[in-house]
Engineer: 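Take a look at this one; I'll ask things after.
A note on names: the letters A, B, ... follow the listed sequences, proteins ahead of strands, and every chain is numbered from 1.
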There are 2 protein chains.
Amino acid sequence: MSATHIDVPMPVPADHDCPTREILDLIGDKWSVLIVVLLGKRTLRFGELHRGIEGISQRMLTLTLRALVRDGLVTRTPYTTVPPRVDYSLTELGRTLLVPLSALDAWAHAHRDDIRAARERHDSPG
Amino acid sequence: MSATHIDVPMPVPADHDCPTREILDLIGDKWSVLIVVLLGKRTLRFGELHRGIEGISQRMLTLTLRALVRDGLVTRTPYTTVPPRVDYSLTELGRTLLVPLSALDAWAHAHRDDIRAARERHDSPG
DNA sequence: CGGGATCCAGTTCGATACTG
DNA sequence: CAGTATCGAACTGGATCCCG
């Protein structure tokens with residue numbers, strides 16, 4: 001109860017309702033970014049995405065795609081052919097996201113060695 | 001066994017070893033981005049971060065900060081005072097990350113309405 | 001004040017099997 | 001080919017207690 005001294009000297013804006021949270025709901029998962037980047041190259045079928053993203057299960061691919069469609073970043077176009085076929089591509093909104101995502105990708109490219117070095121420095125037993 | 005036709009017409013580069021994966025390991029979680037953005041404003045103490053990021057538990061704050069330190073994005077500076085005190089701030093590497101992150105933030109800010117609209121359109125029962 | 005350790009609930013996710 | 005359904009394992013994350 002008795003605080004030694006008040007501890008709220010500087011409020012720190014701390015944008016609670018800032019859109020950062022919302023975008024993290026979009027791409028703050030393991031697969032969304034990879035899918036968007038891949039679809040940025042061209043329209044892809046379900047199976048192509050599945051093979052294109054190593055390690056993803058069909059379950060997660062389905063769920064993630066559904067979320068991206070829901071958020072208006074991706075369109076889903078099914079064809080009633082035999083065998084069936086579904087095309088996925090970015091919407092215009094999705095393509096605009098590609099821009100800042102590419103910046104992030106470029107950063108990752110540029111600094112991957114720095115990060116690896118930092119990790120090894122930290123993990124090194126010596 | 002008898003596939004109706006081979007299904008590997010176009011390889012799809014599919015950068016498996018691309019750095020996108022690595023950056024997702026960094027910021028592809030719920031809190032890292034928020035912490036980095038917050039530390040982008042100024043150095044903060046543990047408690048300030050805790051209060052600044054609504055909803056985070058001290059456990060996750062500790063774990064996330066530890067990971068950020070490990071990856072070389074954040075420095076941890078403890079002082080042996082009474083009561084103890086620990087400052088966290090971005091490293092130079094962390095500050096460079098701030099740039100593409102701001103771009104992403106700007107995108108989120110600019111398109112939040114689009115996303116909300118898309119969601120409501122999709123979720124609307126009618 | 002700034003954590004570490006433990007316990008526990010909720011969620012995520014992959015493997016598998018099945019459908020149209 | 002493109003999913004859906006189910007299950008169990010793994011991880012996440014919060015609450016609580018304790019220590020320097």
Side-chain angles (χ1 to χ4, degrees), chain A residues 1-10 12 21 24-35 38-39 43-70 74-89, chain B residues 1-10 12 21 24-35 38-39 43-70 74-89:
Chain A
M1 299 293 241
S2 59
T4 54
H5 74 98
I6 310 304
D7 63 353
V8 195
M10 308 192 61
V12 181
R21 303 295 269 266
L24 287 176
D25 287 340
L26 286 186
I27 62 161
D29 68 273
K30 215 169 171 172
W31 306 112
S32 295
V33 170
L34 294 170
I35 292 175
L38 216 53
L39 288 180
T43 294
L44 289 172
R45 299 179 55 175
F46 184 88
E48 291 176 316
L49 281 167
H50 198 183
R51 285 188 302 277
I53 301 175
E54 189 157 272
I56 196 171
S57 64
Q58 42 165 220
R59 176 188 141 91
M60 286 316 297
L61 181 54
T62 299
L63 290 178
T64 308
L65 282 171
R66 207 183 295 172
L68 291 174
V69 170
R70 186 191 120 122
V74 167
T75 59
R76 178 183 184 275
T77 310
Y79 299 95
T80 57
T81 56
V82 177
R85 160 188 177 171
V86 181
D87 280 356
Y88 290 93
S89 58
Chain B
M1 297 301 244
S2 59
T4 53
H5 73 97
I6 310 304
D7 62 352
V8 195
M10 307 192 63
V12 180
R21 303 296 269 267
L24 287 177
D25 286 341
L26 286 187
I27 62 162
D29 68 275
K30 214 170 171 172
W31 306 111
S32 295
V33 171
L34 294 171
I35 291 175
L38 217 53
L39 288 180
T43 295
L44 289 171
R45 299 179 56 175
F46 184 88
E48 292 177 315
L49 280 168
H50 197 183
R51 285 188 301 277
I53 301 174
E54 189 157 272
I56 196 171
S57 65
Q58 58 173 196
R59 176 187 140 93
M60 287 316 296
L61 181 54
T62 299
L63 290 178
T64 308
L65 282 171
R66 208 184 297 173
L68 291 173
V69 169
R70 187 191 119 119
V74 167
T75 59
R76 179 183 185 275
T77 310
Y79 298 95
T80 58
T81 58
V82 177
R85 159 188 178 172
V86 182
D87 281 356
Y88 290 93
S89 59

Engineer: To the nearest 10 degrees, how far apart in direction are the end axes of the helix from C/dC1-D/dG20 to C/dG20-D/dC1, each fit to five base pairs?
Structural biologist: 40°
Engineer: Expressed in angstrom and rounded to an integer, what is the separation of B/E48 atom CD from C/dG2 atom C1'?
Structural biologist: 13 Å
Engineer: Output the rounded distance in Å from CZ (B/R51) to P (C/dG2).
Structural biologist: 8 Å
Engineer: Could you check how far CZ of B/R85 sits from C1' of D/dG20, rounded to whole Å?
Structural biologist: 18 Å
Engineer: Do A/L34 and A/T64 come within less than 4.5 Å of each other through their side chains, counting heavy atoms only?
Structural biologist: no
Engineer: When you check every protein heavy atom under 4.0 Å of nucleotides 13-20 of chain C, what one-letter string (B, S, -) results, 5' to 3'?
Structural biologist: BBBBB--B
Engineer: Please tell me if the side chains of B/L63 and B/M60 come closer than 4.5 Å, counting only heavy atoms from C-beta onward.
Structural biologist: yes
Engineer: Which nucleotide, C/dG3, D/dT4, C/dC1, lies nearest any side-chain atom of B/P83?
Structural biologist: C/dC1
Engineer: To the nearest Å, how far apart are B/R66 CZ and C/dG4 C1'?
Structural biologist: 8 Å
Engineer: Name all pairs fulfilling the side-chain hydrogen bond (donor to acceptor under 3.5 Å, both in side chains) condition that reach into residues 75-84 of chain B, sequence neighbours left out, sorted by first residue then second.
Structural biologist: B/T75-B/S89, B/R76-B/Y88
Engineer: In whole Å, what is the span from the CG atom of B/L49 to the C1' atom of C/dG2?
Structural biologist: 12 Å
Engineer: Could I get the full list of salt bridge (Lys or Arg N to Asp or Glu O under 4.0 Å) partners for B/R70, not counting sequence neighbours?
Structural biologist: A/D123
Engineer: Return no unless some side-chain N or O of B/R45 is found under 4.0 Å from OP1 or OP2 of C/dG2.
Structural biologist: yes
Engineer: In this structure, how many angstroms lie between the P atom of D/dT4 and the CG atom of A/L61, rounded?
Structural biologist: 11 Å
Engineer: Expressed as a whole number of angstroms, how long is the span from B/L68:CG to C/dG3:P?
Structural biologist: 13 Å
Engineer: Once side-chain hydrogen bond (donor to acceptor under 3.5 Å, both in side chains) is applied, do any residues pair with A/R59, and if so which ones, sequence neighbours excluded?
Structural biologist: none
Engineer: Atom pairs under 3.5 Å, N or O on each side, protein against nucleotides 8-10 of chain C: can you list them with distances?
Structural biologist:
none

Engineer: Nearest whole Å is fine: how far is C/dG3 P from B/L65 CG?
Structural biologist: 8 Å
